[in-house]
Number of protein chains: 2
Amino acid sequence: MPSPLCHALLRNLDLFRPLSDAQLETALHGAAPCRLEAGALAYVQGAPGAHFFVLLQGFLKVSQVTPEGEQIIVRYVNPGDMFGLACAMGQTCYPATVQAVQESLCLAWPAAAWTPFTASHPQLGAIALQTMGHRLQDAHQRIQELSNDEVEQRVARTLLRLINQSGRPTHDGIDVGFPITRQDIAEMTGTTLHTVSRLLSDWKQRGIVASGRKRIVLRSPAALARLCEHTPPPMDCAACLSCRDGSPAMETSIPVLATH
Amino acid sequence: MPSPLCHALLRNLDLFRPLSDAQLETALHGAAPCRLEAGALAYVQGAPGAHFFVLLQGFLKVSQVTPEGEQIIVRYVNPGDMFGLACAMGQTCYPATVQAVQESLCLAWPAAAWTPFTASHPQLGAIALQTMGHRLQDAHQRIQELSNDEVEQRVARTLLRLINQSGRPTHDGIDVGFPITRQDIAEMTGTTLHTVSRLLSDWKQRGIVASGRKRIVLRSPAALARLCEHTPPPMDCAACLSCRDGSPAMETSIPVLATH
DNA sequence: CGCAACGTTGAAGCAGGTCAAAGGTTGTGG
DNA sequence: CCACAACCTTTGACCTGCTTCAACGTTGCG
């Protein structure tokens, strides 16, 4: 029984666009709209996974705390995304905490509605699996980066990803669409707020970003993308195509000295 | 049309045990057995995801290479596990390479068989989703460890996990059930083979493990588990219950000096 | 027997974590 | 409307866990 406002929002989501009116009706059975103020929690890690959700508007932060009390940010939820799928995956409890970083609006189904929900349109179940697949790939991507890349590259890539997913153009660049702190970025990249602050200061000086309290604006995506590439060649780099500029890599390979 | 041998193996797997004979018949439609010698590849990263699989016997290594050429190990596949589910997740290509670390036997279905496969028993689809959920949690666990833990803890936990999943008891401890190198462990934990070698040497001296070429035996799971805990308290640890032994944390809190 | 793959160990250097302290910005309550 | 508190950010100095580099020992296979 969502309001007409919700209906309009729903129709705009890729998730529901392919459904007929009748199918949408079925899919929405049992769904309740749910407003979250900035800072409010949708659910907390460890709570029974009694609902699954779709975010209609706003931004949510998904985080986990380790047994030692450290926190990491799993991802941000964008409008149109499903979340809280614990029940769909046969898990009894939510594995993470979800908090609104802005005033947000979502739709909540009771866990028991999952089967009828996926049955209402053959594609919905497949989309859920696809979503899981995507998240899994993202997670592995992140593991790769944590394993092999340096902090600067990780932070650069994370910022680019945020911009791509939720960025909004402003007068002097693309803004991350929601408030975010240095600490948040540190928790996304496995580093400390100090290191993030130092990096952003450096980038600000170089004109790559502008930033303030809880706000980051990307001014030069190209420059940031360049930072993501593998670190510059330490010495010669004959094997590396992208480093060749036409001249031989090592002067000593030219037999000039030999002719003396 | 798998052989009778396969049938016996299949009946032993948790995955297929709940199925009736008729359901098993349906589920197996289109499946072909497939033997892999040690070192042989089931498929390579980037290839079209034309099949999905179940491992019947042996052990497989799932790995990814980064654009820079670094390799990471995603996981090991144990008997009874499904793998190569790219097609189920709506992905056209395999995101990783799968290689047999021992002579192995698996069952392969063409991608098109996924729908009838899941339809043959209502639980099979749910199990696939659950499997994805598990993998996702494992991945996040690993991200947490890479973000917060030191190398020694990561290696210790990884070894415990290997032992739990595939370990086989031997005369002087539990053996990782398949050949594995220092480099492999390094690629699972985001470190270098040098550091892993140093750690294993240290543990060997302390009697926690025994190890040789491509072989690791865990002699004291308890000692290894102790290494996984958070690092020992640097100074006083009044707030930490597990560190208290009944005596006050700080001598200076006792007003002895004051009575002088 | 010799080569290739795997393992061990030392020494040196640095990326980035930790510790410490001060400066900005936002909101709130008197 | 101002002052204070809470929170966020910046910056410096130091220190260490790990990587890197280099060299050598060991195992097993063709």
Side-chain angles (χ1 to χ4, degrees), chain A residues 37-39 61 68-72 99 101-102 145-156 158-159 176 178-206 209-217 227 230-236, chain B residues 37-39 61 68 70-72 99 101 145-156 176 178-187 189-206 209-217 227 230-235:
Chain A
E37 317 227 11
K61 182 167 84 174
E68 288 88 38
E70 306 266 13
Q71 186 165 136
I72 70 151
Q99 183 181 35
V101 296
Q102 277 189 351
E145 291 178 12
L146 284 166
S147 298
N148 300 320
D149 296 347
E150 315 234 304
V151 170
E152 182 170 49
Q153 297 170 43
R154 298 207 302 268
V155 175
T158 299
L159 185 50
V176 174
F178 49 83
I180 189 167
T181 67
R182 311 288 184 262
Q183 174 75 32
D184 288 329
I185 294 183
E187 286 171 6
M188 298 179 79
T189 52
T191 180
T192 63
L193 75 165
H194 306 279
T195 300
V196 173
S197 177
R198 277 184 251 266
L199 282 171
L200 286 177
S201 294
D202 182 24
W203 295 348
K204 194 190 290 188
Q205 274 196 329
R206 296 208 252 156
V209 304
S211 74
R213 191 189 172 85
K214 291 195 173 191
R215 220 178 52 85
I216 303 176
V217 180
L227 292 178
H230 68 141
T231 51
M235 302 256 61
D236 74 304
Chain B
E37 317 226 11
K61 181 166 84 175
E68 288 89 37
E70 305 267 14
Q71 185 166 136
I72 68 152
Q99 184 182 32
V101 295
E145 290 177 13
L146 284 166
S147 299
N148 300 320
D149 296 346
E150 314 234 305
V151 171
E152 183 170 49
Q153 297 171 44
R154 298 207 302 268
V155 175
V176 175
F178 49 84
I180 188 166
T181 67
R182 311 288 184 261
Q183 174 75 32
D184 288 329
I185 294 183
E187 287 172 5
T189 52
T191 182
T192 63
L193 74 164
H194 306 280
T195 300
V196 173
S197 178
R198 276 183 252 265
L199 283 171
L200 286 178
S201 294
D202 183 24
W203 296 348
K204 195 190 291 188
Q205 275 197 328
R206 296 208 253 157
V209 303
S211 75
R213 192 188 175 84
K214 290 197 174 191
R215 219 179 52 86
I216 302 177
V217 180
L227 293 178
H230 66 140
T231 50
M235 302 256 62

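A, B, ... follow the sequence lines: proteins, then strands. Residue 1 opens every chain.
- The shortest distance between the side-chain N/O atoms of Ser197(A) and the OP1/OP2 oxygens of dT10(D) is below 4.0 Å.
- Across the protein-nucleic acid pair, Leu193(A) atom CG and dG17(C) atom P stand 11 Å apart, rounded to whole Å.
- Residue Thr195(A) has a polar side-chain atom (N or O) positioned under 4.0 Å from OP1 or OP2 of dG17(C).
- For dC18(D), the OP1/OP2 oxygens have no side-chain nitrogen or oxygen of Thr192(B) closer than 4.0 Å.
- Atom NZ of Lys214(B) and atom P of dA5(C) are 10 Å apart (whole Å).
- With salt bridges taken as basic N to acidic carboxylate O contacts below 4.0 Å, one links Arg206(A) and Asp202(A).
- Along DNA chain C, the nucleotide nearest Gly190(A) and the nucleotide nearest Arg198(B) are compared for position; the residue whose nucleotide lies closer to the 5' end is Arg198(B).
- Using a 4.0 Å cut-off, some side-chain N or O of Ser201(B) falls inside it from OP1 or OP2 of dT9(C).
- Toward the 5′ end of DNA chain D lies the nearest nucleotide of Arg213(A), the other residue of the pair Arg213(A) and Leu200(A) mapping further downstream.
- Contact annotation: Arg182(B) side-chain N/O to dT8(C) OP1/OP2 distance is under 4.0 Å.
- Look at CD on Glu152(B): it is 8 Å from P on dC18(D), rounded to the nearest Å.
- Closest approach of Leu146(B) and Gly190(B) over heavy atoms only: CD2-CA, 4.3 Å.
- Of the N and O atoms on the side chains of Arg182(B) and Ser211(B), at least one donor lies less than 3.5 Å from an acceptor on the other residue.
- Gln205(B) places its CD atom 8 Å from the P atom of dT9(C), with the value rounded to the nearest Å.
- In summary, the side chains of Arg213(B) and Thr181(B) do not present any donor paired with an acceptor at a separation below 3.5 Å, with no hydrogens or angles considered.
- In this structure, Gln183(B) atom CD and dT8(C) atom P are separated by 13 Å, rounded to whole Å.
- Of the candidate nucleotides dG16(C), dC6(C), dC7(D), dG16(C) has the atom lying nearest to any side-chain atom of Val151(A).
- Between Leu200(B) and Val209(B) the shortest heavy-atom distance is O-CG2, 4.0 Å.
- In this structure, His194(B) atom NE2 and dC18(D) atom C1' are separated by 11 Å, rounded to whole Å.
- In this structure, Leu146(A) atom CG and dG17(C) atom P are separated by 11 Å, rounded to whole Å.
- A straight line from CH2 of Trp203(B) to P of dG7(C) spans 15 Å, rounded to a whole angstrom.
- Considering only side-chain N and O atoms, Lys204(A) lies under 4.0 angstrom from the phosphate OP1 or OP2 of dT10(D).
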